[in-house]
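To start, the structure itself, in C-alpha cells.
Below, all heavy atoms of this structure are taken into account, side chains as well, without hydrogens, waters or symmetry copies. Protein chains get the first letters and strands the later ones, always in sequence-line order, with residue 1 at the start of each.
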There are 2 protein chains.
Amino acid sequence: MSNTKAPPVPKVEPCCPPLTERPLTAEEAERTAAMFKALGDPVRLRLFSLVASHDGGEACVCDISDVGVSQPTVSHHLKKLREAGLLTSERRGTWVYYRVEPSVLAAMGRLLVSAGA
Amino acid sequence: MSNTKAPPVPKVEPCCPPLTERPLTAEEAERTAAMFKALGDPVRLRLFSLVASHDGGEACVCDISDVGVSQPTVSHHLKKLREAGLLTSERRGTWVYYRVEPSVLAAMGRLLVSAGA
DNA sequence: CGGCTGATTCGACGTGTGTCAACATAGGTG
DNA sequence: CACCTATGTTGACACACGTCGAATCAGCCG
C-alpha cells in the first residue's frame with residue numbers, strides 16, 4: 001500500500017485550551033461537545049475501550065461485537081465514533097479493523113486534566 | 001429540614017481504569033458515559049467552561065447566563081451538570097453559585113490521557 | 001460460478017433531549 | 001407588607017438518537 005505518509009488528514013486538531021484557562025467560544029464548544037457526545041453512550045464507550053485496550057491498538061469488528069446489541073447497531077456506533085474522529089477503520093480482506101486516534105484522545109484528556117489539576 | 005450534615009453524597013468516584021488498560025464493563029460504561037454525555041452538549045460544555053475558568057472556581061448563574069439560550073434552559077443544563085456530579089451549587093443570599101467538582105473531572109481526564117499516552 | 005460469512009446501509013419505530021413560554025419559589029428592598 | 005429581581009420548575013413540542021429487522025455490499029471458498 002502506498003501509505004507513505006498520511007494524506008488523509010486527522011482533521012480533528014487539539015482544538016481548545018484547558019477548560020480552566022478560559023471559556024470556550026460557541027464554535028469551540030460545538031466542535032468539542034461532538035467528541036464528548038460520541039463517548040456519551042454506554043455502548044459506544046464500551047466499543048471504544050475494547051478497541052483501545054486491544055493488542056496493537058486495533059481490533060476487528062468481529063472481536064468487539066459482543067456488547068449486548070445487534071450487529072447493525074454495533075456498526076452504527078462504530079460509524080459515529082469514526083465520524084467524531086475518535087476511530088479509524090481499515091478493511092483487510094474479509095475483516096474490518098478499527099484503531100484509536102491517539103491525538104484526539106490526548107486533546108480531550110488535556111482539556112480535563114488541566115482543569116482538575 | 002433536619003439535615004444535620006450532608007448525607008447527599010458526592011457519589012461519583014474515580015470509577016474506572018484508563019481506557020487502554022482493559023475494556024469497560026457494562027456497568028462501568030453506563031456510569032462513565034453519563035458524565036461524558038453531560039459534556040456532550042455545546043451549551044452545557046460552555047457553561048461548564050465558564051464556571052471552571054471563573055475566578056475562585058465558582059460563578060454566579062447571572063454571570064454565565066449569556067450563552068444564547070433562554071434562562072430556563074440555562075437552569076435546565078446546570079441541573080444536568082449537577083446531576084452528573086460535575087458541578088455543585090450553593091445559594092448565597094440572592095444568587096446561586098456553581099462550582100466544579102475537581103475529583104470527577106480528574107478521573108475523566110485520567111481515562112483519556114493514559115489512553116493517549 | 002454459486003453460495004457463504006462478515007460488515008454496512010436502509011427504513012421504521014419508540015424514546016430521549018433541548019428548547020421555550022408560563023408559572024412558581026426564594027430572598028432582598030422599598 | 002408589597003413589589004421586584006434572581007433561579008428553578010412545569011408542560012408542551014419538535015427533533016435527534018438508539019435500536020432492530022431486512023436488504024445490500026465486499027471478499028473468500030468450494
Side-chain angles (χ1 to χ4, degrees), chain A residues 1 24 26-27 29-51 54 58-84 86-99, chain B residues 1 3 8 24 26-27 29-51 54 58-84 86-99:
Chain A
M1 194 61 72
L24 267 52
E27 187 188 354
E30 198 86 32
R31 194 149 30 110
T32 309
M35 306 181 196
F36 281 113
K37 180 187 282 187
L39 293 180
D41 180 89
V43 175
R44 276 199 296 269
L45 187 58
R46 220 165 142 207
L47 287 171
F48 186 83
S49 71
L50 278 163
V51 174
H54 211 263
E58 73 175 12
C60 167
V61 176
C62 56
D63 288 329
I64 61 177
S65 295
D66 195 17
V67 288
V69 295
S70 71
Q71 196 275 333
T73 301
V74 169
S75 194
H76 170 70
H77 283 308
L78 288 174
K79 182 178 186 177
K80 284 287 190 72
L81 288 168
R82 195 165 8 110
E83 290 173 347
L86 296 170
L87 291 181
T88 59
S89 67
E90 180 193 358
R91 167 158 235 137
R92 284 208 294 276
T94 306
W95 293 281
V96 176
Y97 292 87
Y98 279 79
R99 167 181 298 274
Chain B
M1 200 55 77
N3 57 337
L24 267 52
E27 188 188 354
E30 198 86 33
R31 194 149 31 111
T32 308
M35 305 181 195
F36 281 114
K37 181 188 281 187
L39 293 180
D41 180 88
V43 174
R44 275 199 297 269
L45 187 57
R46 218 165 143 207
L47 286 171
F48 186 83
S49 70
L50 278 163
V51 174
H54 210 263
E58 73 174 12
C60 167
V61 176
C62 57
D63 289 328
I64 61 178
S65 296
D66 195 17
V67 288
V69 295
S70 71
Q71 188 275 329
T73 302
V74 169
S75 194
H76 170 70
H77 283 307
L78 287 174
K79 183 179 186 178
K80 284 287 189 72
L81 287 168
R82 195 163 13 106
E83 288 173 347
L86 296 170
L87 292 180
T88 59
S89 65
E90 180 192 358
R91 166 158 235 138
R92 284 208 293 276
T94 305
W95 294 282
V96 177
Y97 292 88
Y98 279 79
R99 166 181 299 273

Integer-rounded Å distance: [N] [atom2] and [X] [atom1]:
{"X": "B/Leu87", "N": "D/dG8", "atom1": "CG", "atom2": "P", "answer": "11 Å"}
{"X": "A/Arg92", "N": "C/dG6", "atom1": "CZ", "atom2": "C1'", "answer": "15 Å"}
{"X": "A/Glu90", "N": "C/dT8", "atom1": "CD", "atom2": "C1'", "answer": "17 Å"}
{"X": "A/Ile64", "N": "C/dA7", "atom1": "CD1", "atom2": "C1'", "answer": "12 Å"}
{"X": "B/Asp63", "N": "D/dT7", "atom1": "CG", "atom2": "P", "answer": "8 Å"}
{"X": "B/Arg91", "N": "C/dG27", "atom1": "CZ", "atom2": "C1'", "answer": "7 Å"}
{"X": "A/Glu30", "N": "C/dG18", "atom1": "CD", "atom2": "C1'", "answer": "13 Å"}
{"X": "B/Leu81", "N": "D/dT7", "atom1": "CG", "atom2": "P", "answer": "16 Å"}

field: Side-chain donor or acceptor of B/Arg44 paired with backbone N/O of B/His77 under 3.5 Å
entry: no
Do any N or O atoms from the side chain of A/Arg99 and from the backbone of A/Thr88 form a donor-acceptor pair under 3.5 angstrom? no
Rounding to 0.5 Å, atoms CZ (B/Arg91) and SG (B/Cys60) come to a distance of 10.0 Å
Hey, is the side chain of [X] poking within less than 4.0 Å of OP1 or OP2 on [N], counting only N and O atoms?
{"X": "A/Lys37", "N": "C/dT17", "answer": "no"}
{"X": "A/Lys79", "N": "C/dT9", "answer": "yes"}
{"X": "A/Lys80", "N": "D/dC17", "answer": "no"}

What nucleic acid atoms does A/Arg44 come within less than 4.0 Å of, heavy atoms only: base, sugar-phosphate, or nothing? sugar-phosphate
Exercise. Have a look at A/Tyr98 and say if it touches a base, only the backbone sugar-phosphate, or nothing, with a 4.0 Å heavy-atom cut-off.
Key: sugar-phosphate
Residues B/Met35 and B/Ala84: closest non-hydrogen pair is CG-O, 4.2 Å
Per atom distances to the A/His77 side chain, the nearest of D/dG18, D/dT19, C/dA7 is D/dT19
Of C/dT19, D/dG27, D/dG21, the nucleotide closest to the side chain of B/Asp41 is C/dT19
Between A/Gln71 and B/Thr94, the residue closer to the 5' end of DNA chain C by nearest nucleotide is A/Gln71
Assert: residue with more 5' nearest nucleotide on DNA chain C, out of A/Thr73 and A/Trp95, is A/Trp95
Between A/Val43 and B/Leu78, whichever has its closest DNA chain D nucleotide further toward 5' is B/Leu78
Worksheet item: Hey, does A/Val74 have a side-chain heavy atom less than 4.5 Å from the side chain of A/Asp66?
Response: no
